[in-house]
Each structure stands twice: as C-alpha cells, then as structure tokens.
Amino acid sequence: MPDPKRNSSIFSFKKNQLRFLMLCCVFFIPVILAYAVVEIAVANIPNKFSIKQNYMETHAPEIETLVFGSSQIEKGINPAFLKAPAINLSSAGQHHNTDFEILKGVVDRFPNLKTVVFEVSYGHFELRHNSKYFWKHNIFLKYYHVNTFDRPTTPKDSLLFLAHPGKFSEILLTHYVKDTVPDVYNKFGFDLNHYEGKFKKLSYDSTSIVKKPVKIYKREDPKIFEHNSLYFYDMVEFCLNRGLNVVILSPPTFPNYNALRNGEILKRRDSILQDIVRKYDHVYFLNTESDSDFKVEDFRNENHLNPKGAEKLTKKLNTFLKKLEE
C-alpha cells in the first residue's frame, strides 16, 4: 500500500519547488525586461559603428581603400577628403590583432579594394595586442558581423550593454539626459565636432601647452616588440597575396610629445618599417609625425588631431595615394 507520509513528503517537496520557481520568475523577469529596455535604448543611439556598417553595406562595390588603426587614425582620417571611396575602421584602443581580424572578416565584401592603410605610430610594436576581454569584440560582431573573439560566439556576444556597462551607461546618460558636446557624424562615421580637448582648453597657446604634463608610453619591451613586429609582417603579406597595396601611416604628434619619445623604441620601430618597405614591393610608409605643416590649432592634444587637422592629414594621404597610381 502507498505510504501516506511518503506521498505527503513528495507533495510538499514539489510544492516547495514550484514556489521557488515562482519566486525566481518574480525576481528575474523584471530584471530581464529591464535589461531588454536598456539594450534597445543603447542600440537605438546613432553611433559611428552603425553608420560605418551602413556605408560599407551600401557602398561595398565602390570602396577602394580600407583604413585601420587606433584613436589617432580614427580622429585623423576623414574619408570625405579621399578621392577614392574609402572607409575608416579605426577605433580607440584598437591594435593590430583586431585590425587584422576585422580585415580578414570584411575583405571579400569589397571587389574593387586596392589599398589597405595600417597605423604604426610610435610605440605601436611595444604595446600589447588587444586581449580576449577587449570590450569592442561585441561591437565588431554586432555591426561588422566579424568575430574577433578568437572563439566561437554565443548569442550574448552581440549584446552591447553587457560588453561595457560603465561605458554604455555613460553613453545613455550623455545622449538622453545631458548631451554636452554632441557627436556630429558624416556618412562615413567620422565625428565632425570633435574639437574638445586639452589644446582647446588652453586656447591653443603653445607656451601654456608645453608646460603641461604629457602622457606618453616610454617603457621598452623587446619581447612584445618581437611578437608584434612578426605579426605585422603577416598582416602585410596577407594584403600583398591579395594584390593589395599597403600604406603604413604614422600620424602627426605635437613637438613636446616627439621630444619625449624613447629613442630605442623609435629606432626599433623604424628598423622594421624600413625592412618591410625594402623587402616588399607595393608597401609604402607615410610618416607625418614631425610634419611642420601641422600647427597647434590642428590638434586636440599631443597625439590626436581635431577635425581641422584630420582634413589636412587626409588630404596628404590622398595625395600620397594618387602618386602610387602614377
């Protein structure tokens, strides 16, 4: 015969399980709904990545030049001033390994691609590559449909807010509550309104500027240099094997920044670039680090141009590219 006590215990256990599940639902469903609202709000904010995605998708057959780099190139190259159709896929904190993964992920979308521009600024070869925790992996997956995670992706990898809650909370606050200096993007995703910075605060007064501290990386790391430089050879050869020209670009930096550079880091960087240009055809180096055409009014800070300076640098790159065609 069935044991009444045992049946009662089973019923009580199942009842407790059901109660627990109901409590979980009461707690988690509002959390999930709240997150969904936040994610949708973030995704609906116009941003440079969504604009670049749209431009790539609508102009893929025309694009002849791809530009890669960190914030120095992101702020320094405005494709509006390039004669050949181009897109600048640089972003702050982006290093060569991320450049390469994006390039490999998008290169087949552009049947008329002719040139790839890579940044190699001072210290580039002695800074660590982006780690597997680089928060922009989610952005590149969502907008460029490129997996830079170095692993199989999951559905949550396309979520933006989870990638960097602090950053996207700030973006939400700035966009919906107190938009101080709004971004003004052109069709290429270049911010035309990005003048705010150290130099503007100092009224572009060189005397005041040179008295201020300069943030510059001076620590030598030969092991990272060896790894990064060998990796860069692979990037160059990938492009050449596809019949593409490679332009290595080093953007302008202000004289007080240049004066503080570590000579050994600079020497090692230049030795690699000289070897690459000497070893390979169709590889070219445009070094504008000490170009005297760039005045104090062209800079946001010691190593970033403002939109005015970007126009000047992009026109120089345009002239450089036109000469390659002659």
Side-chain angles (χ1 to χ4, degrees), residues 66-77 88-104 107 115-134 136-137 140 148 150 214-241 244-291 301-305 313 316-317 320:
L66 292 179
V67 181
F68 292 93
S70 67
S71 58
Q72 288 182 264
I73 302 300
E74 178 190 24
K75 309 301 181 191
I77 297 296
N88 182 353
L89 297 179
S90 307
S91 71
Q94 189 172 306
H95 208 329
H96 282 154
N97 60 326
T98 303
D99 292 339
F100 199 15
E101 291 304 315
I102 295 174
L103 172 62
K104 289 186 288 186
V107 67
T115 303
V116 177
V117 179
F118 291 126
E119 174 192 5
V120 181
S121 298
Y122 159 77
H124 226 84
F125 287 145
E126 301 194 30
L127 291 171
R128 292 185 184 277
H129 280 176
N130 297 131
S131 79
K132 62 182 180 180
Y133 304 110
F134 186 41
K136 288 186 179 177
H137 293 315
F140 302 137
T148 60
D150 196 27
V214 177
K215 186 177 180 180
I216 184 169
Y217 187 85
K218 299 176 73 172
R219 181 176 177 271
E220 297 181 44
D221 201 321
K223 286 187 177 180
I224 291 178
F225 167 79
E226 182 179 4
H227 174 270
N228 289 2
S229 54
L230 289 174
Y231 190 92
F232 191 68
Y233 277 92
D234 291 340
M235 295 170 64
V236 169
E237 290 177 357
F238 174 87
C239 295
L240 297 180
N241 289 338
L244 303 171
N245 292 324
V246 175
V247 173
I248 301 167
L249 174 60
S250 189
T253 40
F254 202 64
N256 62 339
Y257 182 94
N258 293 337
L260 294 173
R261 293 177 298 182
N262 184 317
E264 292 303 311
I265 291 176
L266 197 60
K267 187 192 304 182
R268 280 193 288 271
R269 191 276 307 261
D270 289 346
S271 70
I272 292 298
L273 297 186
Q274 289 165 8
D275 182 66
I276 288 175
V277 172
R278 182 173 58 249
K279 183 177 180 180
Y280 301 108
D281 293 330
H282 306 293
V283 180
Y284 312 91
F285 182 31
L286 175 57
N287 188 349
T288 62
E289 288 172 338
S290 301
D291 191 328
N301 54 37
E302 288 86 0
N303 62 335
H304 291 86
L305 296 171
L313 177 61
K316 282 180 178 286
L317 176 61
F320 193 82

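Residues: numbered from 1 along the sequence shown. Everything quoted here is computed from the prediction, not taken from an experiment.
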### Message
Side chains of Val116 and Leu103, heavy atoms from C-beta outward: is any pair under 4.5 Å?
### Response
yes
## Note on the structure
To the nearest 0.5 Å, atom CG of Leu249 lies from atom OG1 of Thr288 at 5.5 Å
### Query
Between the main-chain N or O of Asp150 and the side-chain N or O of Glu101, is there a donor-acceptor pair closer than 3.5 Å?
no
### Query
Side chains of Ser250 and Glu289: is there a donor and an acceptor less than 3.5 Å apart?
yes
### Message
Looking at every heavy atom in both His137 and Thr148, which two are closest together, and how far apart are they?
### Response
ND1-OG1, 2.7 Å
### Query
How about Phe125 and His227: do any of their side-chain heavy atoms sit closer than 4.5 Å?
no
### Message
salt bridge (charged side-chain N to carboxylate O under 4.0 Å, His left out) for Glu226 and Lys223? Distances and angles first, verdict last.
### Response
CA-CA 5 Å; Glu226 182 179 4; Lys223 286 187 177 180; over 6 Å; no
#### Entry: Point-to-point distance, once rounded to the nearest 0.5 Å, from CG of Leu66 to OG1 of Thr115
9.5 Å
### Task
Check whether any side-chain N or O of Asn245 sits under 3.5 Å from a backbone N or O of Val283 as a donor-acceptor pair, and report yes or no.
no
#### Entry: Asn301 side chain reached by Asn303 side chain, heavy atoms, under 4.5 Å
yes
### Non-hydrogen atoms of Asp99 and Gly69 that approach each other most closely
OD1-N, 3.7 Å
### Message
Are there over 12 heavy-atom neighbours, none belonging to Asp275, within less than 6.0 Å of that residue's CG?
### Response
yes
### Task
Work out which heavy atom in Ala92 is nearest to a heavy atom in Glu74; give both atom names and the distance.
N-OE1, 3.3 Å
### Message
Less than 4.5 Å apart, side chain to side chain, heavy atoms only: is that true for Leu266 and Tyr122?
### Response
yes
### Task
Applying side chain to side chain donor-acceptor pair (under 3.5 Å) between Ser70 and each of Glu119, His95, His124, report the one that passes.
Glu119
### Task
Flag the pair Arg268 / Asp270 as yes when at least one side-chain heavy-atom distance between them is below 4.5 Å, and no otherwise.
no
### Query
Side chains of Leu305 and Pro251: does their closest heavy-atom pair fall under 4.5 Å?
no
### Query
Are Glu126 and Tyr217 linked by a side-chain donor-acceptor pair shorter than 3.5 Å?
no
### Message
Would you say that Leu240 contacts His282 through its side chain, given a criterion of any heavy-atom pair below 4.5 Å between the two side chains?
### Response
yes
### Query
Looking only at side chains, do Thr253 and Asn258 share a donor and an acceptor under 3.5 Å apart?
yes
### Rounded distance (nearest 0.5 Å) linking atom CG of Leu273 with atom OG of Ser271
8.0 Å
### Test item: Phe68 and Phe100 side chains (from C-beta on) under 4.5 Å apart, heavy atoms
no
### Inter-residue atom distance Glu237.CD - Asp234.CG, 0.5 Å rounding
6.0 Å
### Message
Quick check on Glu220: does its CD atom have over 12 non-hydrogen neighbours (other residues, nucleotides or ligands) under 6.0 Å away?
### Response
yes
### Query
Arg269 side chain to Gly123 main-chain N or O, any donor-acceptor pair under 3.5 Å?
no
### Query
For Arg219 and Ile265, which heavy atoms make the closest approach, and how far apart are they?
O-CD1, 3.6 Å
### Summary
Which of Phe320, Phe118, Phe285 passes side chain to side chain contact (heavy atoms under 4.5 Å, CB included) with Val247? Answer is Phe320
### Query
side-chain contact (heavy atoms from CB on, under 4.5 Å) between Ile276 and Tyr233: does it pass, once the steps are laid out?
CA-CA 8 Å; Ile276 288 175; Tyr233 277 92; 3.6 Å; yes
### Query
Is the distance between the ring centroids of Phe232 and His96 under 6.0 Å?
yes
### Message
Please report the interatomic distance CG(Asn97) to CZ(Phe134), rounded to the nearest 0.5 Å.
### Response
8.5 Å
### Query
Looking at residues at least two apart in the chain, or sitting in another chain, which of them share a side chain to side chain donor-acceptor pair (under 3.5 Å) with Asn130?
Thr98
#### Entry: Residue pair Ser71, His304: steps toward the side-chain contact (heavy atoms from CB on, under 4.5 Å) verdict
CA-CA 8 Å; Ser71 58; His304 291 86; 2.6 Å; yes
### Task
Output the distance between atom CG (Leu230) and atom CD1 (Ile272), rounded to the nearest 0.5 Å.
7.5 Å
### Task
Measure across Val246 and Val236 and return the closest heavy-atom pair with its distance rounded to 0.1 Å.
CG2-O, 4.2 Å
#### Entry: CA sep, side-chain torsions, deciding dist, call: Asn228, His129, side-chain hydrogen bond (donor to acceptor under 3.5 Å, both in side chains)
CA-CA 8 Å; Asn228 289 2; His129 280 176; 3.2 Å; yes
